[in-house]
Amino acid sequence: MSPIAARLQAVKRRISEALQGDTRPVVLVAVSKLQSPEAIREAFAAGQRAFGENYLQEALAKQAVLSDLSIEWHYIGAMQSNKARAIAENFDWVHGIDRVKIADALSRGRPAGRAPLNACLQVNISNEATKGGVPPAELAALAEAVAPLGGLRLRGLMGMASPGNDTAKQRREFAVLRDALEMLRASGHHGLDTLSMGMTHDLEAAIAEGATMVRVGTAIFGERPSRAPA
Ligand SMILES: *Cc1c(COP(=O)(O)O)cnc(C)c1O
């Protein structure tokens with residue numbers, strides 16, 4: 001078994017243990033930013049199908065050399081309006097929508113004839129200025145604006161907990177995201193089915209609070225090489 005296949009298996013074991021007998025599905029998105037196409041191929045050969053990327057140019061280059069694989073591509077990075085068209089054309093999911101302007105640009109950029117782009121709204125659950133995401137108090141208005149956009153299919157919410165190993169704090173923050181999704185569903189957004197939360201160091205806390213999708217990089221691919229200057 002390749003090292004990546006072995007680590008992938010270990011992550012799946014962590015997920016199933018965190019579920020504690022619950023049978024709901026949890027989708028694993030393998031975060032491959034700054035990892036090579038060969039590493040993605042290795043994970044694909046081990047059965048992994050969903051991959052997450054943060055940097056558009058890097059992602060497009062890898063997609064080009066991996067076009068023989070049927071990968072579900074997730075854009076999980078920060079977004080600027082001038083990149084929205086390329087993201088909408090080349091990805092199946094986006095996780096980081098935090099303003100109407102980006103949502104609108106993604107919707108307009110989604111090619112006609114393709115299924116709408118699956119979209120999650122990013123909520124700031126950690127009160128850290130650097131993390132991005134809409135404040136919980138502004139979420140309902142953002143959802144109202146995004147839901148009618150024809151090029152998008154609003155699926156749910158994405159959030160990141162504070163760094164560190166305080167499990168109780170992680171759970172409190174993830175619970176904010178879970179409650180926000182329940183609030184939106186109760187207010188008429190019945191189609192929302194996705195809670196994208198949990199990474200290498202906090203996936204257990206996220207699953208305990210109801211994550212349906214976890215985004216895991218380091219535990220699958222090992223430490224990331226540092227990003228080359230643009
Ligand atoms: C990098 C990244 C991840 C994965 O982080 P790991 O700690 O390597 O698992 C998940 N989500 C987002 C938004 C990221 O940028």
Side-chain angles (χ1 to χ4, degrees), residues 3-4 6-15 17-18 26-36 39-40 42-43 46 48-59 62 71-80 83 87 91-99 102 106 117-134 155-167 169-170 173-174 176-177 180 194-228 230:
I4 287 176
R7 287 196 293 253
L8 200 49
Q9 201 173 72
V11 169
K12 288 183 189 162
R13 198 172 313 121
R14 279 178 64 187
I15 292 171
E17 280 169 16
V26 173
V27 175
L28 171 60
V29 177
V31 176
S32 47
K33 64 179 174 216
L34 303 175
Q35 304 293 350
S36 67
I40 296 175
E42 209 173 304
Q48 180 62 30
R49 292 295 176 270
F51 291 85
E53 292 279 341
N54 290 56
Y55 309 113
L56 180 62
Q57 294 311 321
E58 181 203 330
K62 286 192 270 190
I71 286 176
E72 180 179 275
W73 290 104
H74 293 242
Y75 191 82
I76 63 172
M79 285 182 280
Q80 296 150 308
K83 298 195 174 151
I87 293 168
F91 286 81
D92 303 293
W93 282 76
V94 292
H95 291 237
I97 294 176
D98 61 1
R99 52 200 193 277
I102 285 289
L106 288 166
L117 181 61
N118 294 291
C120 289
L121 306 179
Q122 185 177 352
V123 183
N124 187 335
I125 54 173
S126 69
N127 282 317
E128 282 182 66
T130 53
K131 279 282 163 64
V134 66
R155 296 295 297 268
L157 304 177
M158 184 274 251
M160 281 184 271
S162 304
N165 295 318
D166 183 343
T167 312
K169 185 173 184 204
Q170 292 163 1
E173 293 176 353
F174 288 135
V176 171
L177 201 67
T194 301
L195 266 183
S196 166
M197 59 188 197
M199 329 200 293
T200 291
H201 76 288
D202 58 16
L203 72 87
E204 282 83 3
I207 289 171
E209 295 298 339
T212 66
M213 195 177 263
V214 293
R215 309 174 313 272
V216 178
T218 311
I220 296 172
F221 295 108
E223 289 296 327
R224 278 183 285 280
S226 59
R227 194 181 179 199

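Quick caveat, the model's predicted, so the values are computed rather than measured. In each ligand, atom 1 is the first atom listed, and ligand 1 is the first ligand listed.
Closest approach of Gly52 and Val29 over heavy atoms only: N-CG1, 3.6 Å. Scanning all heavy atoms of the two residues, the minimum distance from Asp92 to Glu72 falls at OD2-CA, 3.4 Å.
Going from atom CD1 of Ile102 over to atom CE of Met79 covers 6.0 Å, rounded to the nearest 0.5 Å.
Results of the side chain to side chain donor-acceptor pair (under 3.5 Å) test with Glu53 over Lys62, His74, Lys33 single out Lys62 as the only residue that passes.
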Can I get a per-line list of side-chain donor-acceptor pairs under 3.5 Å for residues 217-224, giving both atom names and the distance, sequence neighbours left out?
none

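Salt-bridge check for Glu17 with Arg13: failed, with every basic side-chain N at 4.0 Å or more from each acidic carboxylate O.
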Filter the ligand 1-protein atom pairs down to N or O on both sides and distance under 3.5 Å, then list them.
from, atom 1, to, atom 2, distance (Å)
ligand 1, 8 (O), Thr218, N, 2.8
ligand 1, 8 (O), Thr218, OG1, 2.5
ligand 1, 8 (O), Arg224, NH1, 2.7
ligand 1, 8 (O), Arg224, NH2, 3.2
ligand 1, 9 (O), Thr200, N, 3.0
ligand 1, 9 (O), Thr200, OG1, 2.5
ligand 1, 9 (O), Gly217, N, 2.8
ligand 1, 11 (N), Arg215, NE, 2.9
ligand 1, 11 (N), Arg215, NH2, 3.4
ligand 1, 15 (O), Lys33, NZ, 2.7
ligand 1, 15 (O), Asn54, ND2, 2.8

